[in-house]
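Following: one structure in C-alpha coordinates, then a few remarks.
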Amino acid sequence: MLNWYEKNKRDLPWRHHSDPYAIWVSEIMLQQTQVATVIPYYLRFLERFPNMASLAKAKESEVLQYWSGLGYYRRARLLHRGVQKVWQENAGILPQEIESLKGLPGIGPYTAGAIASIAFGQAAPLVDGNVVRVLSRYFGLKGHAKSPELLRTLWEIAAILVSPSRPGDFNQGLMELGATVCRTRLPACERCPLAKGCVALNSQDPEAFPETPPLPKTLKLTRLAAVAQRGETILLVQAQHQRWFQGLWGLPGEFLDREADDEGLLSHLSQAYPGLKFSRMVALPATRHAITHHRITTQAWSLQVSGKLTPNPSFKKMRFFPKGALPSLALPNFDRKVLQAGGFCP
DNA sequence: CAATCGTGGCG
DNA sequence: TCGCCAAGATT
(Lines give C-alpha, C1' and ligand atoms only; values in the text may rest on other atoms or scores of the structure.)
Protein backbone atom coordinates (compact mmCIF):
# COMPACT_ATOMS: atom_id res chain seq x y z
CA MET A 1 0.00 0.00 0.00
CA LEU A 2 2.75 2.43 0.99
CA ASN A 3 4.88 1.63 -2.05
CA TRP A 4 1.92 1.95 -4.36
CA TYR A 5 0.92 5.29 -2.84
CA GLU A 6 4.43 6.65 -3.12
CA LYS A 7 4.47 5.95 -6.85
CA ASN A 8 0.89 6.77 -7.72
CA LYS A 9 -0.26 9.62 -5.53
CA ARG A 10 -1.72 12.59 -7.34
CA ASP A 11 -0.23 16.03 -6.98
CA LEU A 12 -3.00 17.75 -5.01
CA PRO A 13 -2.85 21.24 -3.49
CA TRP A 14 -3.34 20.14 0.13
CA ARG A 15 -0.45 17.70 -0.23
CA HIS A 16 1.83 20.73 -0.45
CA HIS A 17 0.92 21.72 3.09
CA SER A 18 2.05 20.35 6.42
CA ASP A 19 0.06 22.97 8.31
CA PRO A 20 -2.70 21.16 10.26
CA TYR A 21 -5.09 24.04 9.53
CA ALA A 22 -4.64 23.65 5.77
CA ILE A 23 -5.26 19.92 6.09
CA TRP A 24 -8.31 20.58 8.24
CA VAL A 25 -9.78 22.85 5.56
CA SER A 26 -9.13 20.29 2.83
CA GLU A 27 -10.76 17.48 4.80
CA ILE A 28 -13.91 19.52 5.40
CA MET A 29 -14.17 20.52 1.74
CA LEU A 30 -13.62 16.94 0.61
CA GLN A 31 -16.54 15.63 2.65
CA GLN A 32 -18.92 14.10 0.10
CA THR A 33 -17.25 16.13 -2.61
CA GLN A 34 -14.92 15.03 -5.35
CA VAL A 35 -11.32 16.16 -5.58
CA ALA A 36 -11.73 17.95 -8.92
CA THR A 37 -14.62 20.00 -7.56
CA VAL A 38 -12.76 20.99 -4.42
CA ILE A 39 -9.45 22.18 -5.91
CA PRO A 40 -10.44 25.67 -7.15
CA TYR A 41 -12.44 26.36 -3.97
CA TYR A 42 -9.55 25.20 -1.81
CA LEU A 43 -7.04 27.46 -3.55
CA ARG A 44 -9.27 30.51 -3.30
CA PHE A 45 -10.20 29.79 0.31
CA LEU A 46 -6.62 29.37 1.49
CA GLU A 47 -5.54 32.46 -0.37
CA ARG A 48 -8.16 34.51 1.48
CA PHE A 49 -7.91 32.61 4.80
CA PRO A 50 -4.28 31.40 4.88
CA ASN A 51 -4.29 30.62 8.61
CA MET A 52 -6.56 30.16 11.61
CA ALA A 53 -6.22 33.80 12.62
CA SER A 54 -7.65 35.09 9.35
CA LEU A 55 -10.54 32.63 9.36
CA ALA A 56 -11.31 33.10 13.04
CA LYS A 57 -11.60 36.85 12.55
CA ALA A 58 -13.70 36.67 9.39
CA LYS A 59 -17.43 37.24 9.30
CA GLU A 60 -19.56 34.19 8.59
CA SER A 61 -21.00 35.94 5.55
CA GLU A 62 -17.57 36.17 3.97
CA VAL A 63 -16.77 32.55 4.78
CA LEU A 64 -20.00 31.53 3.06
CA GLN A 65 -19.13 33.77 0.14
CA TYR A 66 -15.96 31.77 -0.44
CA TRP A 67 -17.94 28.54 -0.05
CA SER A 68 -20.67 29.67 -2.44
CA GLY A 69 -21.27 26.99 -5.04
CA LEU A 70 -19.53 24.20 -3.17
CA GLY A 71 -22.64 23.00 -1.38
CA TYR A 72 -23.28 21.53 2.06
CA TYR A 73 -22.97 25.01 3.52
CA ARG A 74 -23.25 23.78 7.08
CA ARG A 75 -19.68 22.56 6.63
CA ALA A 76 -18.49 26.13 6.16
CA ARG A 77 -20.30 27.42 9.23
CA LEU A 78 -19.04 24.55 11.38
CA LEU A 79 -15.45 24.95 10.14
CA HIS A 80 -15.66 28.64 10.95
CA ARG A 81 -16.99 27.93 14.43
CA GLY A 82 -14.40 25.22 14.97
CA VAL A 83 -11.53 27.50 14.05
CA GLN A 84 -12.93 30.24 16.27
CA LYS A 85 -13.18 27.79 19.14
CA VAL A 86 -9.57 26.66 18.74
CA TRP A 87 -8.47 30.25 18.34
CA GLN A 88 -10.24 31.46 21.46
CA GLU A 89 -10.09 28.47 23.79
CA ASN A 90 -6.86 26.77 22.80
CA ALA A 91 -4.56 29.63 21.80
CA GLY A 92 -4.96 28.74 18.14
CA ILE A 93 -3.40 25.31 18.58
CA LEU A 94 -5.31 22.43 17.04
CA PRO A 95 -5.48 19.58 19.56
CA GLN A 96 -3.86 16.31 18.54
CA GLU A 97 -6.00 13.90 20.54
CA ILE A 98 -8.65 12.10 18.48
CA GLU A 99 -11.30 12.68 21.10
CA SER A 100 -10.49 16.38 21.34
CA LEU A 101 -10.63 16.72 17.57
CA LYS A 102 -14.03 15.00 17.50
CA GLY A 103 -15.24 17.56 20.00
CA LEU A 104 -14.77 20.36 17.48
CA PRO A 105 -17.70 21.46 15.34
CA GLY A 106 -17.75 19.75 11.95
CA ILE A 107 -15.13 17.16 12.89
CA GLY A 108 -16.55 13.65 13.11
CA PRO A 109 -14.88 10.24 13.22
CA TYR A 110 -13.50 10.38 9.68
CA THR A 111 -12.10 13.90 9.80
CA ALA A 112 -10.60 13.35 13.26
CA GLY A 113 -8.80 10.28 11.95
CA ALA A 114 -7.65 12.14 8.85
CA ILE A 115 -6.23 15.10 10.75
CA ALA A 116 -4.63 12.92 13.42
CA SER A 117 -2.91 10.66 10.89
CA ILE A 118 -2.11 13.07 8.07
CA ALA A 119 -1.29 16.23 10.01
CA PHE A 120 0.02 14.74 13.26
CA GLY A 121 1.38 11.36 12.21
CA GLN A 122 -0.69 9.42 14.70
CA ALA A 123 -1.54 5.79 13.99
CA ALA A 124 -5.26 6.58 13.81
CA PRO A 125 -7.57 4.74 11.42
CA LEU A 126 -10.11 6.31 9.14
CA VAL A 127 -13.03 5.03 7.12
CA ASP A 128 -14.53 7.02 4.29
CA GLY A 129 -16.43 5.99 1.18
CA ASN A 130 -13.23 4.92 -0.54
CA VAL A 131 -12.08 2.81 2.38
CA VAL A 132 -15.51 1.17 2.60
CA ARG A 133 -15.21 0.18 -1.03
CA VAL A 134 -11.61 -1.02 -0.95
CA LEU A 135 -11.86 -3.04 2.23
CA SER A 136 -15.32 -4.48 1.67
CA ARG A 137 -14.12 -5.72 -1.72
CA TYR A 138 -10.77 -6.97 -0.52
CA PHE A 139 -12.26 -8.93 2.36
CA GLY A 140 -15.54 -9.71 0.61
CA LEU A 141 -17.63 -8.18 3.38
CA LYS A 142 -21.38 -8.18 3.09
CA GLY A 143 -23.61 -5.33 4.15
CA HIS A 144 -24.77 -2.00 2.80
CA ALA A 145 -22.18 0.72 2.41
CA LYS A 146 -23.77 2.74 5.21
CA SER A 147 -24.90 -0.03 7.49
CA PRO A 148 -23.67 0.60 11.02
CA GLU A 149 -22.67 -3.03 11.40
CA LEU A 150 -20.39 -3.05 8.35
CA LEU A 151 -18.93 0.31 9.35
CA ARG A 152 -18.10 -0.96 12.83
CA THR A 153 -16.28 -3.89 11.30
CA LEU A 154 -14.41 -1.67 8.86
CA TRP A 155 -13.24 0.70 11.59
CA GLU A 156 -11.86 -2.27 13.49
CA ILE A 157 -10.07 -3.58 10.41
CA ALA A 158 -8.71 -0.15 9.52
CA ALA A 159 -7.35 0.22 13.04
CA ILE A 160 -5.47 -3.07 12.68
CA LEU A 161 -4.14 -2.26 9.23
CA VAL A 162 -2.98 1.33 9.66
CA SER A 163 0.77 1.69 9.40
CA PRO A 164 2.26 2.78 12.74
CA SER A 165 5.22 4.42 11.02
CA ARG A 166 3.42 6.17 8.15
CA PRO A 167 -0.27 6.35 9.08
CA GLY A 168 -0.98 9.44 6.96
CA ASP A 169 0.45 7.89 3.81
CA PHE A 170 -1.30 4.60 4.51
CA ASN A 171 -4.70 6.21 5.00
CA GLN A 172 -4.29 8.46 1.98
CA GLY A 173 -3.09 5.49 -0.04
CA LEU A 174 -6.21 3.53 0.81
CA MET A 175 -8.38 6.47 -0.24
CA GLU A 176 -6.29 7.19 -3.33
CA LEU A 177 -6.65 3.57 -4.38
CA GLY A 178 -10.41 3.77 -3.91
CA ALA A 179 -10.64 7.00 -5.89
CA THR A 180 -8.44 6.07 -8.84
CA VAL A 181 -8.39 2.26 -9.12
CA CYS A 182 -10.98 0.59 -6.91
CA ARG A 183 -13.71 2.80 -8.33
CA THR A 184 -17.41 2.29 -7.77
CA ARG A 185 -17.98 1.56 -11.44
CA LEU A 186 -15.41 0.00 -13.75
CA PRO A 187 -12.72 -0.75 -11.18
CA ALA A 188 -9.26 -1.03 -12.77
CA CYS A 189 -8.37 -4.30 -11.09
CA GLU A 190 -5.50 -4.92 -13.51
CA ARG A 191 -3.71 -1.95 -11.95
CA CYS A 192 -4.53 -2.83 -8.36
CA PRO A 193 -1.71 -3.69 -5.96
CA LEU A 194 -4.20 -5.63 -3.84
CA ALA A 195 -5.63 -7.74 -6.66
CA LYS A 196 -3.95 -10.94 -5.58
CA GLY A 197 -5.84 -11.39 -2.34
CA CYS A 198 -9.03 -9.57 -3.28
CA VAL A 199 -12.11 -11.65 -2.50
CA ALA A 200 -14.39 -9.50 -4.67
CA LEU A 201 -12.11 -9.81 -7.71
CA ASN A 202 -11.84 -13.55 -7.28
CA SER A 203 -15.63 -13.71 -7.08
CA GLN A 204 -15.70 -12.31 -10.64
CA ASP A 205 -17.88 -9.37 -9.72
CA PRO A 206 -15.97 -6.74 -7.75
CA GLU A 207 -18.72 -4.20 -8.34
CA ALA A 208 -21.06 -6.27 -6.19
CA PHE A 209 -19.24 -4.92 -3.12
CA PRO A 210 -20.25 -3.05 -1.15
CA GLU A 211 -23.97 -3.62 -1.46
CA THR A 212 -25.87 -0.49 -2.38
CA PRO A 213 -28.58 0.57 0.05
CA PRO A 214 -32.00 1.44 -1.35
CA LEU A 215 -32.21 5.10 -2.28
CA PRO A 216 -35.03 7.44 -1.27
CA LYS A 217 -37.51 8.19 -4.01
CA THR A 218 -36.81 11.32 -6.00
CA LEU A 219 -39.31 14.06 -5.27
CA LYS A 220 -40.24 16.69 -7.81
CA LEU A 221 -40.87 20.22 -6.65
CA THR A 222 -41.80 23.46 -8.32
CA ARG A 223 -40.49 26.77 -7.12
CA LEU A 224 -41.54 30.33 -7.82
CA ALA A 225 -38.84 32.96 -7.70
CA ALA A 226 -38.67 36.67 -8.34
CA VAL A 227 -35.86 38.72 -9.80
CA ALA A 228 -37.25 41.92 -8.36
CA GLN A 229 -35.40 45.00 -9.57
CA ARG A 230 -35.28 48.58 -8.40
CA GLY A 231 -33.07 50.52 -10.73
CA GLU A 232 -29.84 48.60 -11.04
CA THR A 233 -30.42 46.62 -7.85
CA ILE A 234 -32.04 43.27 -7.13
CA LEU A 235 -33.96 42.21 -4.03
CA LEU A 236 -32.40 39.32 -2.13
CA VAL A 237 -33.44 37.72 1.14
CA GLN A 238 -31.28 35.90 3.63
CA ALA A 239 -32.49 32.41 4.46
CA GLN A 240 -32.83 31.95 8.18
CA HIS A 241 -35.42 29.35 9.08
CA GLN A 242 -35.67 27.76 5.67
CA ARG A 243 -34.86 24.16 5.20
CA TRP A 244 -32.06 24.79 2.74
CA PHE A 245 -29.22 27.29 2.45
CA GLN A 246 -29.35 28.74 5.92
CA GLY A 247 -27.34 31.93 6.13
CA LEU A 248 -27.10 32.38 2.38
CA TRP A 249 -28.68 35.08 0.29
CA GLY A 250 -31.24 34.06 -2.28
CA LEU A 251 -34.09 35.12 -4.49
CA PRO A 252 -37.47 35.67 -2.87
CA GLY A 253 -40.00 33.01 -3.73
CA GLU A 254 -41.73 29.88 -2.50
CA PHE A 255 -42.13 26.17 -3.13
CA LEU A 256 -45.33 24.81 -4.59
CA ASP A 257 -47.01 21.48 -4.98
CA ARG A 258 -48.78 22.74 -8.06
CA GLU A 259 -48.01 24.37 -11.39
CA ALA A 260 -46.16 27.67 -11.22
CA ASP A 261 -48.01 30.79 -12.36
CA ASP A 262 -47.38 34.49 -12.16
CA GLU A 263 -50.45 35.21 -10.06
CA GLY A 264 -49.17 32.83 -7.41
CA LEU A 265 -45.90 34.70 -7.33
CA LEU A 266 -47.61 38.08 -7.02
CA SER A 267 -49.80 36.95 -4.15
CA HIS A 268 -46.81 35.45 -2.39
CA LEU A 269 -44.73 38.59 -2.83
CA SER A 270 -47.44 40.96 -1.71
CA GLN A 271 -47.99 38.89 1.42
CA ALA A 272 -44.33 38.27 2.24
CA TYR A 273 -43.07 41.75 1.40
CA PRO A 274 -45.72 44.20 2.52
CA GLY A 275 -45.14 47.72 1.34
CA LEU A 276 -43.60 46.79 -1.98
CA LYS A 277 -45.40 47.05 -5.28
CA PHE A 278 -44.46 44.86 -8.22
CA SER A 279 -45.00 45.49 -11.91
CA ARG A 280 -43.83 44.61 -15.41
CA MET A 281 -43.59 40.86 -14.90
CA VAL A 282 -41.66 39.00 -17.56
CA ALA A 283 -41.23 35.22 -17.38
CA LEU A 284 -37.61 34.00 -17.36
CA PRO A 285 -36.42 30.64 -18.68
CA ALA A 286 -37.23 27.81 -16.29
CA THR A 287 -34.19 26.30 -14.58
CA ARG A 288 -33.69 22.95 -12.98
CA HIS A 289 -31.61 21.95 -10.03
CA ALA A 290 -31.23 18.93 -7.78
CA ILE A 291 -30.84 19.02 -4.01
CA THR A 292 -30.21 15.58 -2.53
CA HIS A 293 -33.23 13.58 -3.65
CA HIS A 294 -35.29 16.58 -4.73
CA ARG A 295 -35.55 17.69 -8.32
CA ILE A 296 -36.61 21.28 -8.43
CA THR A 297 -37.86 23.27 -11.36
CA THR A 298 -37.75 26.99 -10.77
CA GLN A 299 -39.99 29.32 -12.71
CA ALA A 300 -38.82 32.86 -12.19
CA TRP A 301 -40.17 36.19 -13.28
CA SER A 302 -38.37 39.44 -13.75
CA LEU A 303 -40.24 42.39 -12.29
CA GLN A 304 -39.87 45.96 -11.15
CA VAL A 305 -40.29 47.04 -7.55
CA SER A 306 -41.46 50.26 -6.06
CA GLY A 307 -42.52 51.30 -2.59
CA LYS A 308 -40.81 50.94 0.77
CA LEU A 309 -39.79 47.61 2.23
CA THR A 310 -41.29 46.70 5.59
CA PRO A 311 -39.18 44.18 7.55
CA ASN A 312 -40.65 40.71 7.67
CA PRO A 313 -40.08 38.44 10.67
CA SER A 314 -39.58 35.34 8.54
CA PHE A 315 -36.35 36.71 7.12
CA LYS A 316 -33.37 37.99 9.00
CA LYS A 317 -32.49 40.38 6.25
CA MET A 318 -33.84 41.70 3.01
CA ARG A 319 -31.70 43.95 0.87
CA PHE A 320 -31.38 45.41 -2.56
CA PHE A 321 -27.97 44.50 -3.97
CA PRO A 322 -26.34 46.10 -6.99
CA LYS A 323 -26.21 43.65 -9.86
CA GLY A 324 -22.44 43.94 -9.84
CA ALA A 325 -22.32 42.53 -6.32
CA LEU A 326 -24.01 39.27 -7.29
CA PRO A 327 -20.90 37.33 -8.34
CA SER A 328 -19.23 37.82 -4.97
CA LEU A 329 -22.28 37.12 -2.80
CA ALA A 330 -22.94 33.91 -0.90
CA LEU A 331 -25.63 32.58 -3.20
CA PRO A 332 -26.44 28.91 -3.74
CA ASN A 333 -26.03 27.70 -7.31
CA PHE A 334 -29.71 27.05 -7.10
CA ASP A 335 -30.33 30.82 -7.46
CA ARG A 336 -27.24 31.61 -9.47
CA LYS A 337 -28.66 29.45 -12.25
CA VAL A 338 -31.82 31.57 -12.31
CA LEU A 339 -29.85 34.81 -12.42
CA GLN A 340 -27.59 33.52 -15.17
CA ALA A 341 -30.52 32.25 -17.23
CA GLY A 342 -32.06 35.70 -16.98
CA GLY A 343 -28.84 37.46 -17.91
CA PHE A 344 -28.49 39.24 -14.57
CA CYS A 345 -25.20 37.65 -13.65
CA PRO A 346 -22.21 36.34 -15.62
C1' DC B 1 -30.80 5.10 14.05
C1' DA B 2 -32.16 7.09 9.84
C1' DA B 3 -32.91 11.16 7.38
C1' DT B 4 -30.88 15.14 5.71
C1' DC B 5 -27.89 18.50 3.55
C1' DG B 6 -25.52 20.74 -2.51
C1' DT B 7 -23.35 20.11 -6.46
C1' DG B 8 -21.21 18.41 -10.77
C1' DG B 9 -20.06 14.60 -13.59
C1' DC B 10 -20.76 10.34 -15.53
C1' DG B 11 -22.96 6.51 -18.24
C1' DT C 1 -32.99 12.93 -19.61
C1' DC C 2 -32.21 10.60 -15.43
C1' DG C 3 -30.26 7.70 -11.86
C1' DC C 4 -26.28 7.19 -9.39
C1' DC C 5 -22.45 8.65 -6.89
C1' DA C 6 -18.50 11.36 -4.24
C1' DA C 7 -12.18 12.34 1.20
C1' DG C 8 -19.39 12.66 6.29
C1' DA C 9 -21.44 15.28 10.19
C1' DT C 10 -25.40 16.39 12.60
C1' DT C 11 -29.81 15.85 14.66
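Naming convention: chains lettered A, B, ... in sequence-line order (proteins, then strands); numbering from 1 in each chain.
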DNA chain C contacts made by residues 15-27 of chain A, counting heavy atoms under 4.0 Å:
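Contacts with DNA chain C under 4.0 Å: A:R15, A:E27.
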In terms of the angle between their ring planes, are A:F45 and A:Y66 parallel, tilted or perpendicular, with boundaries placed at 30° and 60°?
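Ring orientation, 0 to 90° scale: perpendicular.
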How many Å lie between [atom1] on [X] and [atom2] on [N], as a whole number?
| X | N | atom1 | atom2 | answer |
| --- | --- | --- | --- | --- |
| A:Q34 | B:dG8 | CD | P | 12 Å |
| A:I39 | C:dA6 | CD1 | C1' | 14 Å |
| A:L64 | B:dG6 | CG | P | 11 Å |
| A:H294 | B:dT7 | NE2 | P | 13 Å |
| A:K337 | B:dT7 | NZ | P | 8 Å |

For atom [atom1], what is the distance between [N] and [M], given to the nearest Å?
| N | M | atom1 | value |
| --- | --- | --- | --- |
| B:dC1 | C:dG8 | C1' | 16 Å |
| B:dG8 | C:dA9 | P | 22 Å |
| C:dC5 | B:dC5 | C1' | 15 Å |

Can you give me the N/O atom pairs linking the protein to nucleotides 2-4 of chain C at distances under 3.5 Å, or say none if there are none?
none

Is any side-chain N of the basic residue among A:E207 and A:R185 closer than 4.0 Å to the acidic one's carboxylate O?
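Looking at A:E207 and A:R185, the cut-off is not met.
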Under 4.0 angstrom, heavy atoms only, what part of the nucleic acid is [X] near: base, sugar-phosphate, or nothing?
| X | result |
| --- | --- |
| A:W14 | base |
| A:L12 | base |
| A:G178 | nothing |
| A:A114 | nothing |

Can you tabulate the close N/O pairs, meaning under 3.5 Å, that link protein atoms to atoms of nucleotides 8-10 of chain C?
from: C:dG8; atom 1: OP1; to: A:G129; atom 2: N; distance (Å): 3.2
from: C:dG8; atom 1: OP2; to: A:Q32; atom 2: N; distance (Å): 2.5
from: C:dG8; atom 1: OP2; to: A:Q32; atom 2: NE2; distance (Å): 3.1
from: C:dG8; atom 1: O5'; to: A:Q32; atom 2: N; distance (Å): 3.4
from: C:dA9; atom 1: OP1; to: A:G108; atom 2: N; distance (Å): 3.0
from: C:dA9; atom 1: OP1; to: A:G108; atom 2: O; distance (Å): 3.4
from: C:dA9; atom 1: OP1; to: A:T111; atom 2: N; distance (Å): 2.9
from: C:dA9; atom 1: OP1; to: A:T111; atom 2: OG1; distance (Å): 2.7
from: C:dA9; atom 1: OP2; to: A:Y110; atom 2: N; distance (Å): 3.3
from: C:dA9; atom 1: N3; to: A:R74; atom 2: NH2; distance (Å): 3.4
from: C:dT10; atom 1: OP1; to: A:G106; atom 2: N; distance (Å): 2.5

Classify the side-chain pair A:Q229/A:S302 by whether it contains a donor and acceptor separated by less than 3.5 Å.
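Yes, side-chain donor-acceptor contact under 3.5 Å.
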Under 3.5 Å side-chain donor-acceptor pair for A:R77 and A:Q246:
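No donor-acceptor contact under 3.5 Å links the two side chains.
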Nearest to the A:F245 side chain among C:dA7, B:dT7, B:dT4, which nucleotide is it?
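Closest nucleotide to the A:F245 side chain: B:dT7.
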Can you see if the side chain of A:H289 gets near the phosphate of B:dG6 - specifically, an N or O under 4.0 Å from OP1 or OP2?
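No, no such contact exists.
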Under 4.0 Å from OP1 or OP2 of C:dA6: is there any side-chain N or O of A:R133 that close?
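Checking C:dA6 against A:R133, a side-chain N or O does come within under 4.0 Å of OP1 or OP2.
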